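What you see is a predicted model, and the numbers here were worked out from it, not measured in a lab. Chain letters run A, B, ... following the sequence lines, proteins first, then strands; residues in each count from 1.
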Number of protein chains: 2
Amino acid sequence: MLRVSKLTDYATEVMAALAAAPARVHSAQELTERVRLELPTVSKLLKQLASAGLIESFRGVNGGYRLARAPERISIADIVIAMEGPIGMTECSAQAGSCDHESHCGVRVNWQRINQAIAGALAGVSLADMIKPSPRRRAASIPLRVVGA
Amino acid sequence: MLRVSKLTDYATEVMAALAAAPARVHSAQELTERVRLELPTVSKLLKQLASAGLIESFRGVNGGYRLARAPERISIADIVIAMEGPIGMTECSAQAGSCDHESHCGVRVNWQRINQAIAGALAGVSLADMIKPSPRRRAASIPLRVVGA
DNA sequence: CCTAAAGTGTACCAAATCGGTACTGATTAG
DNA sequence: CTAATCAGTACCGATTTGGTACACTTTAGG
Ligand code: FES
Ligand code: FES
């Protein structure tokens, strides 16, 4: 279905919850209640987001998580990459050599261009955009361009 | 990794091989040699592409497959949809109701917009584009727009 | 007709991935 | 010291993916 994993979707919800109060430190427990998921699941997401540098973690009593940057400076692409690794529509479009028959694949370079278009689409939407309920403000369009190879 | 399935990648290669001689009928055997895959695999791809209406099939001796439309009128989105079903980045962005906790998911509508951006990116590249080795001709950009919700 | 060259349909299987759970350890405020 | 809280690891069942096998149908051509 060409979809992002469910965990990634959850991660955007958690990030959106964090972005609602970017300055405060939120415990995993609190976020769990907000997004209505199981605690271990949320915990795993948070750990992964933290190790990707998108959020900061504080241990001990009254610890928790907080956005590492302003919501405007965190993109959906950041979240997707944190959860699923580099964006690559085909085996070899992320890095060369991973696909076993690259030699006789005439469409590789074009997939790479498509790949950039997708990455651009995801990079063009910030976390701040995600928490705006109605996108009227954004001129009703996300212009994207793919710089040719 | 947010990637298209390997079969889908293969499908684009097979389609590209067909597009190299759009008027001729190609047997599965011939295409197998071209893309260097196993015959049963290629056969499965072709069947699926045929039932999606992207290619026409001819049975019997001297049978085979042929593009149903001109390469310019077949997009990557067509191929992806034929192989993986409707494009939906999240459970519910393809059709509502599939996600169990849509009620308290504040990011749904925004994912839908992203979804449209991705679909647009895939729809904007035709099979004819894929077989051009260098994309200089296409003004070095694929402009995309997402009409706001 | 008969036969061989094709596509069609179904069923199955091994491996990988995904989503989720459990448990144990490390850190820190009070 | 203790409770709250994050960190790490390991595991498990379900699903998906990629691939294979095999029996059936259609059709050109002798
Ligand atoms: S997918 Fe890697 S070469 Fe075509
Ligand atoms: S994913 Fe369906 S609602 Fe958030």
Under 3.5 Å: donor-acceptor pair, side chain of Asn115(B), backbone of Ile87(B): yes
Under-4.0 Å side-chain N/O to phosphate OP1/OP2 contact, Tyr65(B) with dA6(C): no
Asp9(B) CG - dG19(D) P separation (whole Å): 11 Å
Minimum side-chain heavy-atom gap Thr12(B)-Asn110(A) below 4.5 Å: no
Interatomic spacing from CE in Met15(B) to CG in Leu46(B) - rounded to 0.5 Å: 9.0 Å
Sugar-phosphate, base or nothing in reach of Gln29(B), heavy atoms under 4.0 Å: nothing
Leu37(A) CG - dG20(C) C1' separation (whole Å): 11 Å
Test side-chain contact (heavy atoms from CB on, under 4.5 Å) applied to Leu7(A) - qualifying residues, sequence neighbours left out: Ser5(A), Tyr10(A), Thr41(A), Leu45(A), Met83(A)
5' priority, DNA chain D, between Phe58(A) and Lys44(A) [closest heavy atom]: Phe58(A)
Touch class at under 4.0 angstrom, heavy-atom based, for Ala50(A) against every strand present: nothing
Reported CD1-to-CG distance for the pair Ile79(A) and Leu127(A), which is rounded to 0.5 angstrom: 5.0 Å
Spatial distance of atom CG (Leu37(B)) from atom OG1 (Thr32(B)) [nearest 0.5 Å]: 7.5 Å
Listed nucleotide nearest any side-chain atom of Asn62(A), set dG18(D), dG30(C), dG19(D): dG30(C)
d(CD, Glu30(B); C1', dA5(C)) in whole Å: 14 Å
Protein-nucleotide distance (Tyr10(A), atom OH; dC18(C), atom P), rounded to Å: 14 Å
Any Thr41(A) side-chain N or O less than 4.0 Å from OP1/OP2 of dG19(C): no
Contact list (N/O, under 3.5 angstrom) for nucleotides 24-27 of chain D vs protein:
unit_1, atom_1, unit_2, atom_2, d
dT25(D), O2, Arg59(B), NH2, 2.9

Distance, nearest 0.5 Å, that separates CH2 of Trp111(B) from CD of Glu13(A): 10.5 Å
Side-chain N or O of Ser5(B) closer than 4.0 Å to phosphate OP1/OP2 of dT16(D): no
Separation of Leu18(A) CG from Leu54(A) CG (nearest 0.5 Å): 10.5 Å
Distance in angstrom units between Lys6(B) NZ and dT20(D) P, rounded: 11 Å
Phosphate-side-chain proximity, Ser43(B) and dT8(C), N/O vs OP1/OP2 below 4.0 Å: no
Distance, rounded to the nearest Å, where Leu45(B) contributes CG and dT17(D) contributes C1': 13 Å
Separation of dG7(C) C1' from Glu56(B) CD (nearest whole Å): 14 Å
Phosphate OP1/OP2 of dA5(C): any Ser27(B) side-chain N/O under 4.0 Å: no
Closest to the Lys47(A) side chain, choosing from dT9(D), dG7(C), dT21(C): dT9(D)
Atom-to-atom span, CE of Met83(B) to P of dT16(D) - whole angstrom: 16 Å
